[in-house]
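The figures here come from the full heavy-atom set of this structure, side chains too, leaving out hydrogens, waters and symmetry mates. Model, not experiment: these values are computed from the prediction.
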Amino acid sequence: DPQYLKDLKALLFQCFYMDNGAVSSDNPETLRQFYKFLDDVFNPYGFKLQQFVTNLNELKTEIKFREPPKDDSSLDSATVLGVVWDTNTD
């Protein structure tokens, strides 16, 4: 595997519990790659990515375009590992 793929796999392993997790990066491209990578990981097992929330506005736009949320508020906050995260202020 290329190094970026090894890094993404390590993030998945370290930052997820069952189907819930959090990933942090100062690099927008890393977050973008991770978002796309999740489908490649889950799809072969019949799992569909149900939710991906970010505080990176340009990635929010990409996510809305790809799979429009039921309502815009679902991109503004989420519960991650039992903690409510406000993506606009946190």
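With sequence neighbours left out, N27 forms a side chain to side chain contact (heavy atoms under 4.5 Å, CB included) with S25, E29, T30. Qualifying side chain to side chain contact (heavy atoms under 4.5 Å, CB included) partners for Q14, counting only residues two or more places apart in sequence or in other chains: A10. For N57, the side chain to side chain donor-acceptor pair (under 3.5 Å) criterion is met by no residue, not counting sequence neighbours.
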Margin query: Under the criterion side chain to side chain contact (heavy atoms under 4.5 Å, CB included), I'd like the reasoning laid out for Y35 against T54: C-alpha separation, chi angles, the key distance, then a yes or no.
Written below: CA-CA 10 Å; Y35 172 64; T54 180; over 6 Å; no

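Residue L12 comes nearest to F34 through the heavy atom pair N-CE1, 3.9 Å, listed as atom of the first residue, atom of the second, then distance.
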